[in-house]
2 protein chains.
Amino acid sequence: MPNIREIAKRAGVSVTTVSRVMNHHPYVKEEKRERVLRAMKELKYTRNIQAVHLAKGYSNMIGIVLPTIDHAYFSGLVTGIAEKAQACGMHFALFQTGYDPLKEKEALMSLKEQRVDGLIFCSNALSDQEILKWQEFGPIIFCHPTPHHECSSVSIAHDQAFKEGLEHLAACGHQRIAIALARIEGTNSQTRLQVYQEMMRSLGQDIDEEWIVEGKLTLFDGKQLFTEWQEMKNRPTALLITNDDVSAGFLLEAQRHHIKVGESPAILGFQNEQLSEALGISSIEIPIKRMGQEAFDLFHLSLKGEAPEKRVLPFRLIERTTTVLKNNR
Amino acid sequence: MPNIREIAKRAGVSVTTVSRVMNHHPYVKEEKRERVLRAMKELKYTRNIQAVHLAKGYSNMIGIVLPTIDHAYFSGLVTGIAEKAQACGMHFALFQTGYDPLKEKEALMSLKEQRVDGLIFCSNALSDQEILKWQEFGPIIFCHPTPHHECSSVSIAHDQAFKEGLEHLAACGHQRIAIALARIEGTNSQTRLQVYQEMMRSLGQDIDEEWIVEGKLTLFDGKQLFTEWQEMKNRPTALLITNDDVSAGFLLEAQRHHIKVGESPAILGFQNEQLSEALGISSIEIPIKRMGQEAFDLFHLSLKGEAPEKRVLPFRLIERTTTVLKNNR
DNA sequence: TTGAAAGCGCTAACAG
DNA sequence: CTGTTAGCGCTTTCAA
């Protein structure tokens with residue numbers, strides 16, 4: 001592979017001039033520019049991007065930290081990020097953590113090593129606090145709500161959505177409501193639990209411990225959830241499920257057992273993917289792809305030195321067949 | 001950020017010694033090693049990976065070229081690749097092409113620029129021939145069968161699977177069989193069409209043009225496919241569908257129309273994801289994750305200078321409810 | 001407009 | 001065992 005010196009020699013100019021041509025600097029006499037261009041063509045020259053990056057001090061690459069790419073939620077997110085990144089000529093690397101804090105640390109190390117210019121965090125085994133310590137090495141964007149003032153984040157009004165979901169189920173006449181959490185939206189299920197508790201109190205309903213189910217993420221988990229539901233001693237009449245793969249699994253397993261989902265049990269999902277539409281699952285739609293796009297925007301703004309910003313995206317409750325309002329209204 | 005020189009100064013040694021410590025070279029006196037280590041700790045030193053890469057001449061990064069990450073087929077593939085890559089301490093970047101040849105070229109450029117050490121190609125807008133020209137800049141692995149001798153590839157015995165799929169449908173008593181292709185497994189649907197034609201000839205069945213459907217990839221496409229099927233004048237009694245998201249869409253839409261899938265129409269899918277199991281779709285299982293793993297292995301072998309290798313992975317026909325053998329056997 | 005030369009931060013051959 | 005020194009390939013002052 002020829003280098004810039006060889007091009008310079010062949011074109012009869014200095015390396016500086018070659019560099020100028022490559023970087024579209026003004027002040028290069030047309031004739032020399034052409035000589036350089038010709039030399040580059042003849043030698044099939046391509047600049048060594050690593051050398052460029054070393055000299056310039058950045059990598060033109062962003063890191064996306066997520067538990068796994070093998071789930072519609074995260075691949076949707078990445079799609080959004082990628083769209084925007086591509087438009088800026090930036091590349092991206094994936095760091096899959098499986099929620100392992102050590103893996104997250106490796107991603108942070110990559111930032112410090114300058115392998116990437118910044119990080120978008122969609123995994124959260126480490127505490128926000130811990131992660132934010134690394135901000136001095138480059139922008140870090142969170143994809144979940146965070147109280148910390150000194151960082152940018154984009155998120156769904158998740159607790160609000162959660163609340164409205166519960167209200168919807170209540171409006172359908174349910175009191176004995178279970179929740180199945182996915183851990184996608186952060187470790188802060190704390191708030192959600194509070195919301196849940198408050199709502200149940202206002203309904204005058206005691207909560208049974210078995211109504212709070214965690215770690216459900218896949219279709220398979222959903223099937224299992226149905227089984228667990230069947231075996232509950234104090235069986236709830238409705239379930240709020242924070243991921244639609246899980247809702248789908250629940251619904252399909254119910255159908256297999258010839259149990260109709262709607263009046264009771266009722267289920268309300270989150271995310272509204274193609275599958276929930278096809279199955280007629282009532283769901284809270286969250287704009288996951290847009291979340292990715294905005295995450296990248298925030299990264300880009302941070303890079304330009306703008307102040308941190310928190311963005312909260314809207315959601316939308318879509319009633320279909322797995323929930324039925326009381327009094328037909 | 002401190003650099004190696006500052007560490008050397010602080011530890012009272014040369015930069016070489018520092019470098020040696022970092023790279024776990026033998027022949028460093030214990031006392032000096034400790035001085036270096038201490039200095040690194042005190043200054044919170046981390047090596048600049050870009051400089052390392054420039055000096056060493058590689059990037060420790062692999063590029064994965066695919067149409068989109070937002071589909072179970074490809075995210076499964078990436079999962080497999082990532083597992084192996086992580087075990088080798090390699091990082092990876094994604095290049096999403098949407099089957100755009102220009103985007104594929106950009107990925108190839110990244111190889112030449114030495115942004116990545118190699119490429120795993122799961123997108124194929126460009127011809128194999130064209131892509132292989134870039135092999136001089138680093139290993140390129142194909143995830144589809146290719147006749148070219150000078151490159152490594154891993155693939156499913158896709159044509160064989162396709163053939164057995166057709167045979168299965170024939171064994172179920174079908175003659176009027178349609179096929180829906182997804183373009184996931186390469187532009188070479190040529191061979192598959194041949195297989196199809198031969199099979200139909202041997203069944204003494206003329207092919208209706210409308211029985212060959214292309215470009216079906218998503219659940220939504222599957223719903224549409226059902227509609228298209230209903231509107232066919234010469235309606236086939238069975239469909240071989242090369243992607244299970246599509247089969248699922250077809251099945252769900254059929255159910256919505258209260259049409260039972262099994263005897264007729266029968267459908268046979270490909271890929272066997274969780275969804276097809278949950279829906280009871282007969283499917284040809286292909287080990288997509290393993291394909292990713294082997295792709296990375298092949299990359300790794302190429303890097304070590306091993307000769308190119310073609311690997312063909314097995315498949316497995318799984319009968320469920322959407323196909324029914326004739327004579328109950 | 002142009003070029004010489006000093007970096008960017010690390011590695012490795014070579015000499016001791 | 002250790003240090004000197006010349007790279008890796010490109011960018012960017014600075015002076016002309």
Side-chain angles (χ1 to χ4, degrees), chain A residues 1-37 39-40 43-61 89 109-117 137-138, chain B residues 1-37 39-40 43-61 89 109-117 137-138:
Chain A
M1 293 279 285
N3 62 23
I4 196 175
R5 251 183 307 281
E6 293 175 48
I7 302 299
K9 189 178 299 170
R10 181 163 191 124
V13 300
S14 72
V15 295
T16 314
T17 301
V18 177
S19 174
R20 287 203 177 98
V21 170
M22 290 196 287
N23 293 286
H24 308 291
H25 268 278
Y27 307 138
V28 179
K29 208 184 267 170
E30 192 49 34
E31 179 238 335
K32 292 203 177 188
R33 170 188 312 284
E34 268 159 26
R35 285 217 312 265
V36 169
L37 256 19
M40 296 205 301
L43 268 50
K44 297 183 197 303
Y45 172 79
T46 299
R47 72 202 191 291
N48 179 318
I49 205 77
Q50 310 214 61
V52 175
H53 291 336
L54 174 59
K56 295 222 193 205
Y58 59 67
S59 67
N60 217 28
M61 177 111 132
M109 271 304 278
S110 283
L111 179 61
K112 190 174 181 201
E113 289 178 334
Q114 305 186 48
R115 187 191 306 276
V116 295
D117 295 335
F137 307 116
Chain B
M1 293 279 286
N3 62 24
I4 196 175
R5 251 183 306 279
E6 293 175 49
I7 302 299
K9 189 176 299 169
R10 182 165 189 121
V13 300
S14 72
V15 294
T16 313
T17 300
V18 177
S19 174
R20 286 205 179 99
V21 170
M22 290 196 289
N23 294 285
H24 308 292
H25 267 278
Y27 308 140
V28 180
K29 210 186 264 171
E30 194 47 36
E31 178 238 338
K32 293 203 176 185
R33 170 189 313 283
E34 269 159 26
R35 285 219 310 266
V36 169
L37 256 19
M40 298 204 300
L43 269 51
K44 296 183 198 302
Y45 171 79
T46 299
R47 72 203 191 289
N48 179 316
I49 204 76
Q50 311 214 59
V52 175
H53 291 336
L54 174 59
K56 294 223 192 205
Y58 59 67
S59 68
N60 217 28
M61 178 111 131
M109 270 305 275
S110 283
L111 180 61
K112 189 174 180 201
E113 289 178 335
Q114 304 185 48
R115 188 190 305 276
V116 294
D117 295 334
F137 307 116

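Per chain, numbering begins at 1; letters A, B, ... match sequence-line order.
- For A:Asn3 and D:dG9, the shortest distance from a side-chain N or O to OP1 or OP2 is below 4.0 Å.
- One distance of note links OG1 of B:Thr16 with CG of B:Asn23; it measures 11.5 Å at 0.5 Å rounding.
- For A:Val28, the listed nucleotide lying nearest its side chain is C:dT2; candidates were D:dG9, C:dC10, C:dT2.
- Computed from coordinates, the B:Arg5 CZ to C:dA6 C1' distance equals 12 Å when rounded to whole Å.
- Note: CG (A:Asn48) to C1' (C:dC8) measures 13 Å, nearest angstrom.
- For C:dT11, the OP1/OP2 oxygens have a side-chain nitrogen or oxygen of B:Asn23 closer than 4.0 Å.
- Comparing A:Arg47 and B:Val13 along DNA chain D, the residue whose closest nucleotide (by nearest heavy atom) sits nearer the 5' end is B:Val13.
- In the set C:dG3, D:dC10, D:dG7, the nucleotide with an atom closest to the side chain of B:Ala55 is D:dG7.
- Comparing C:dA4, C:dC10, D:dC10 by their closest approach to the side chain of A:Ser14 singles out C:dA4.
- Taking 4.0 angstrom as the limit, B:Thr17 places a side-chain polar atom (N or O) nearer than this to OP1 or OP2 of D:dG3.
- Remark: P of C:dC10 and CE of B:Met40 are 11 Å apart, rounded to the nearest angstrom.
- No side-chain donor from either of A:Thr17 and A:Lys32 sits under 3.5 Å from a side-chain acceptor of the other.
- Residue B:Ser19 places no side-chain atom within donor-acceptor reach of the base of C:dA12, judged by atom type and a 3.5 Å distance cut-off alone.
- Ion pairing between a basic and an acidic side chain is recognised when a charged N comes within 4.0 Å of a carboxylate O; A:Glu6 and A:Arg10 show no such pairing.
- Atom-to-atom, CZ of B:Arg115 to C1' of D:dG9 comes out at 15 Å; the value is rounded to the nearest Å.
- Here D:dG9 presents its C1' atom at 15 Å from NZ of B:Lys112, a figure rounded to the nearest Å.
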Residue pair B:Glu113, B:Arg115: steps toward the salt bridge (Lys or Arg N to Asp or Glu O under 4.0 Å) verdict: CA-CA 6 Å; B:Glu113 289 178 335; B:Arg115 188 190 305 276; 3.1 Å; yes
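- The CD1-P distance, from A:Ile4 to C:dC8, rounds to 18 Å in whole Å.
- With hydrogens and angles left out, the side chain of B:Thr16 and the base of C:dT11 share no donor-acceptor pair within 3.5 Å.
- Per the geometry, CD1 belonging to A:Ile7 stands 13 Å off C1' belonging to D:dC10, to the nearest Å.
- Looking at A:Asp117, its side chain never comes within 3.5 Å of a backbone N or O of A:Tyr58 through a donor-acceptor pair.
- A sub-4.0 Å separation between OP1 or OP2 of C:dT1 and a side-chain N or O of A:Lys32 is absent.
- Nearest-nucleotide mapping onto DNA chain C: of B:Val52 and B:Arg20, the residue sitting toward the 5' end is B:Val52.
- B:Gln50 has its CD atom 14 Å from the P atom of C:dT11, to the nearest Å.
- Phosphate contact (OP1/OP2 of C:dG7, side-chain N/O of A:Lys56, threshold under 4.0 Å): absent.
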